[in-house]
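As a basis for the values below, the full set of heavy atoms in this structure was taken, side chains included, without hydrogen atoms, waters or symmetry mates.
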Amino acid sequence: MTGDDAPELDLDPYFWTEQFGLNLKATGHLPVAGEPEFLVGERPDGPSVMRWTHDDGRGVAVAVNHRIAIPRLRRMASTAG
């Protein structure tokens with residue numbers, strides 16, 4: 001309704017797949033770099049939830065073979081260290 005004066009839409013990406021025996025959910029801006037922080041589990045092949053933080057403060061959270069609601073995964077991505 002405000003035309004060109006409207007704020008730019010900034011979506012928080014979300015991806016998921018169930019292939020090769022893995023259930024993977026990811027939220028945040030990919031790609032990631034470096035080692036993840038494990039929030040659940042201890043191994044990246046699951047079941048686990050991992051988080052990376054970009055230099056700009058945005059986060060990425062990935063769940064592998066771990067049931068988790070998308071809003072909760074998004075909160076985990078946005079909560080730094």
Side-chain angles (χ1 to χ4, degrees):
M1 297 180 81
T2 59
D4 291 337
D5 294 331
E8 185 175 324
L9 184 60
D10 185 22
L11 298 175
D12 190 15
Y14 169 69
F15 310 92
W16 67 272
T17 188
E18 293 181 27
Q19 293 186 27
F20 311 110
L22 292 175
N23 179 317
L24 183 134
K25 298 174 186 174
T27 184
H29 294 272
L30 298 172
V32 297
E35 295 295 317
E37 171 187 3
F38 283 86
L39 305 175
V40 174
E42 298 175 356
R43 298 176 21 181
D45 56 348
S48 62
V49 177
M50 299 164 279
R51 179 177 52 218
W52 291 261
T53 304
H54 293 297
D55 291 339
D56 66 1
R58 291 185 181 195
V60 175
V62 176
V64 178
N65 291 340
H66 180 77
R67 265 185 106 136
I68 187 168
I70 302 313
R72 184 170 178 213
L73 189 63
R74 287 187 192 276
R75 284 191 304 272
M76 288 177 152
S78 67
T79 305

Original post:
Does some side-chain heavy atom of L30 sit less than 4.5 Å from a side-chain heavy atom of F15?
Top reply: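 Yes, close enough: below the 4.5 Å cut-off.
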
Original post:
Are any of the side-chain heavy atoms of M76 and I68 separated by less than 4.5 Å?
Top reply: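 Of all side-chain heavy-atom pairs linking I68 with M76, at least one is under 4.5 Å.
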
Out of curiosity, does [Y] fall in the hydrophobic cluster containing [X] (side-chain heavy atoms, cut-off under 4.5 Å, transitive links)?
X	Y	answer
V32	L22	yes
W52	L24	yes
L39	V60	no
V62	V40	no

**OP:** May I ask you to decide if R43's main-chain N or O and S48's side chain share a donor-acceptor pair within less than 3.5 Å?
**Re:**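 Flag set: sc S48 to bb R43 pair under 3.5 Å.
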
Subject >> Under 3.5 Å donor-acceptor, T27 side chain and P13 backbone >> reply: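 At least one qualifying donor-acceptor pair exists.
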
Subject >> Residues in side-chain hydrogen bond (donor to acceptor under 3.5 Å, both in side chains) contact with H29, at least two apart in sequence or another chain >> reply: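 By the side-chain hydrogen bond (donor to acceptor under 3.5 Å, both in side chains) rule, H29 matches R58.
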
Original post:
Can you tell me how far CG of L73 sits from CZ of R67, rounded to the nearest 0.5 angstrom?
Top reply: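 Reported value, rounded in 0.5 Å steps: 14.0 Å.
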
Original post:
Nearest 0.5 Å, what's the CD-CE distance between E35 and M50?
Top reply: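 Between E35 CD and M50 CE, I get 11.0 Å after rounding to 0.5 Å.
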
**OP:** Run the numbers on V64 and D45 for side chain to side chain contact (heavy atoms under 4.5 Å, CB included), then give the verdict.
**Re:** CA-CA 7 Å; V64 178; D45 56 348; 5.6 Å; no

**OP:** Can you see which heavy atom on V49 is nearest to which on H66, and at what distance?
**Re:**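 The pair with the smallest heavy-atom distance is CG2-CD2, 3.3 Å.
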
Subject >> Counterpart residues, side chain to side chain contact (heavy atoms under 4.5 Å, CB included), relative to P31 (two or more places apart) >> reply: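 Applying side chain to side chain contact (heavy atoms under 4.5 Å, CB included) to P31 gives none.
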
